[in-house]
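Please read the structure below before turning to the comments.
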Amino acid sequence: MSDSIKYLLDESQMPKHWYNIAADLPEPLPPVLHPGTLKPLGPDDLTPLFPMALIEQEVSTEREIEIPEPVRQVYRQWRPSPLFRARRLERVLGTPAKIYYKYEGVSPAGSHKPNTAVPQAFYNRQAGIKKLTTETGAGQWGSSLAFAGALFGIEVLVFMVRVSHDQKPYRRALMETYGARCVASPSSETQSGRAILAKRPDHPGSLGIAISEAVELAAQRDDTKYALGSVLNHVLLHQTVVGIEAMAQMEMAGDYPDVIVACTGGGSNFGGIVFPFLGAQLRGGKKVRIVAIEPAACPSLTRGKYAYDFGDTAHLTPLTKMHTLGSTFTPPGFHAGGLRYHGMSPLVSHVKQLGLIEARAYHQISCFEAGVQFARAEGILPAPEANHAVRGAIDEALRCKQEGVSRTILFNLCGHGHFDMQAYIDYFGGKLKDLDYEESELAMALAGLPSVAAA
Ligand SMILES: *Cc1c(COP(=O)(O)O)cnc(C)c1O
């Protein structure tokens with residue numbers, strides 16, 4: 001028998017702490033700068049946007065941070081999530097490699113995003129906040145925060161990037177089912193949105209613009225705060241529940257990864273599965289090869305500059321040092337909407353800069369090819385974003401076959417693609433194109449990077 005195998009932890013084995021990689025970094029993160037003064041930011045500068053509990057996590061260097069019991073109670077609905085050994089896929093590929101994947105599509109919203117939406121809603125509720133504003137690309141984050149808002153009695157307003165809003169009406173319907181309001185961005189509801197529409201009424205939108213709209217509204221009211229679905233340290237912290245479980249499950253399987261693969265948009269599912277393993281390595285444990293996979297049409301890690309930049313287009317956010325394509329960069333409208341952000345998480349950028357991880361960029365058609373091959377072997381239909389990780393893992397397995405060596409590969413299958421069937425219809429209809437960004441657009445966006453004295 002060589003059917004695929006499922007490794008399940010029981011509820012009592014669900015992590016009680018998140019893992020904070022800041023405790024184990026060989027060099028600390030560069031400071032975050034105030035957008036006005038360009039001086040390092042103090043915790044108080046963030047209070048208009050986030051509750052203090054999340055700000056403390058953002059700057060913490062403690063290795064373990066306790067997961068509050070009410071959050072663990074919600075996690076228990078779908079956590080611990082399963083880890084699979086993909087033996088049917090291994091057989092189809094004819095590879096000597098062992099392929100494992102952690103599956104985060106079992107959450108109510110269908111991805112890893114509720115792992116942070118739930119604690120963010122919890123801490124905001126604890127601070128007496130009534131309303132959260134946010135942005136969403138493909139709609140995964142918007143529906144996750146809408147779900148968490150419904151559980152904790154918080155109103156949610158989502159600015160959804162217009163191309164995705166028009167491509168994915170079912171994601172919007174899901175947000176509305178959970179009780180959130182969803183607006184296409186750029187919108188006429190904010191100053192930043194109106195300024196963009198005045199220049200280009202048919203603007204397709206970008207995550208940078210949607211963030212400006214959400215931040216602008218949150219900064220105006222005391223009972224309203226802002227929630228971000230990726231990029232920030234506290235978001236990656238919450239996602240480490242994925243990697244901590246995966247470590248225990250690999251131990252159950254009597255194995256340890258030689259290679260870990262995850263896709264990167266803002267870096268949260270990547271940090272979530274990778275950081276617990278990388279932290280063990282930094283504390284003297286086994287060395288792991290780590291590969292980030294990003295879309296060739298929005299390649300911040302492989303083609304971006306490691307520089308201080310704004311998180312949004314209207315320049316309302318603090319400046320962080322990260323791999324960036326420039327905050328005004330608008331990527332072409334490819335299908336993995338969750339991977340269309342101009343910047344990369346400062347933590348992921350930092351470990352890339354330190355040479356602790358590798359990065360590769362793929363075009364979308366080969367990713368869909370891999371996703372379909374995976375679905376036919378393992379039965380799970382991946383989200384277009386997750387197809388990038390599947391492509392990366394399959395390529396690693398094929399390399400093992402070529403070299404005649406067996407390695408253990410672990411990847412994060414960060415979400416299912418049931419709301420993304422139009423992308424699959426386009427793929428099967430031969431309508432998907434391997435889009436490239438405009439070199440002139442990138443050059444212009446990079447030329448507009450803020451000048452910050454060497455920090
Ligand atoms: C949002 C999303 C991503 C990209 O965001 P990260 O923060 O890089 O994880 C990837 N996959 C899925 C399924 C998503 O919903």
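All ligand and atom numbering here is 1-based and tracks the order in the structure.
Close approach of ligand 1 to S230 (heavy-atom distance below 4.0 Å) involves ligand atoms 6 (P), 7 (O). Each of the atoms 4 (C) of ligand 1 lies under 4.0 Å from some heavy atom of L339. Atom numbering of ligand 1 starts at 1 in the shown order; those under 4.0 Å from a heavy atom of S268 are 6 (P), 7 (O), 8 (O), 9 (O).
Checked by distance only, ligand 1 and T264 stay at 3.5 Å or farther apart across all their nitrogen or oxygen atoms. For A383, no nitrogen or oxygen atom sits less than 3.5 Å from a nitrogen or oxygen atom of ligand 1, counting backbone and side chain alike. For ligand 1, the polar-atom distance check finds no N/O of C263 at less than 3.5 Å from any of the ligand's N/O atoms. The distance criterion of under 3.5 Å between nitrogen or oxygen atoms is met by G265 with respect to ligand 1.
In the candidate list M344, K113, E385, Q239, K113 is nearest to atom 2 (C) of ligand 1, counting heavy atoms.
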Problem set entry | Intermediate values then yes/no, salt bridge (Lys or Arg N to Asp or Glu O under 4.0 Å), K16 and E66 | CA-CA 6 Å; K16 296 192 170 58; E66 192 180 342; over 6 Å; no

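With no hydrogens or angles considered, a side-chain donor-acceptor pair links E135 and Y226 at under 3.5 Å. Checking N412 against Y101 by side-chain atom types alone, no donor-acceptor pair falls below 3.5 Å.
If you look at N269 next to ligand 1, the close heavy atoms, those under 4.0 Å, come from the backbone and the side chain alike. Of the heavy atoms in V235, none comes closer than 4.0 Å to ligand 1.
Closest non-hydrogen pair, C263 versus L339, comes out as SG-CD2, 4.3 Å. Shown here for A97 and I409, the closest heavy-atom pair between the two residues is CB-CD1, 3.9 Å. The two atoms that bring S268 and L236 nearest to each other are CA-CD1, 3.8 Å, heavy atoms only.
Under the rule for a side chain to side chain donor-acceptor pair (under 3.5 Å), D166 has no partner lying at least two apart in sequence or in another chain.
Shortest contact from atom 4 (C) of ligand 1 to any protein heavy atom: G338 O, 3.3 Å.
The closest approach between any non-hydrogen atom of G267 and ligand 1 is below 4.0 Å.
Ion pairing of E396 with R289 is present here, as a side-chain N (NZ or NE/NH1/NH2) and a carboxylate O approach within less than 4.0 Å.
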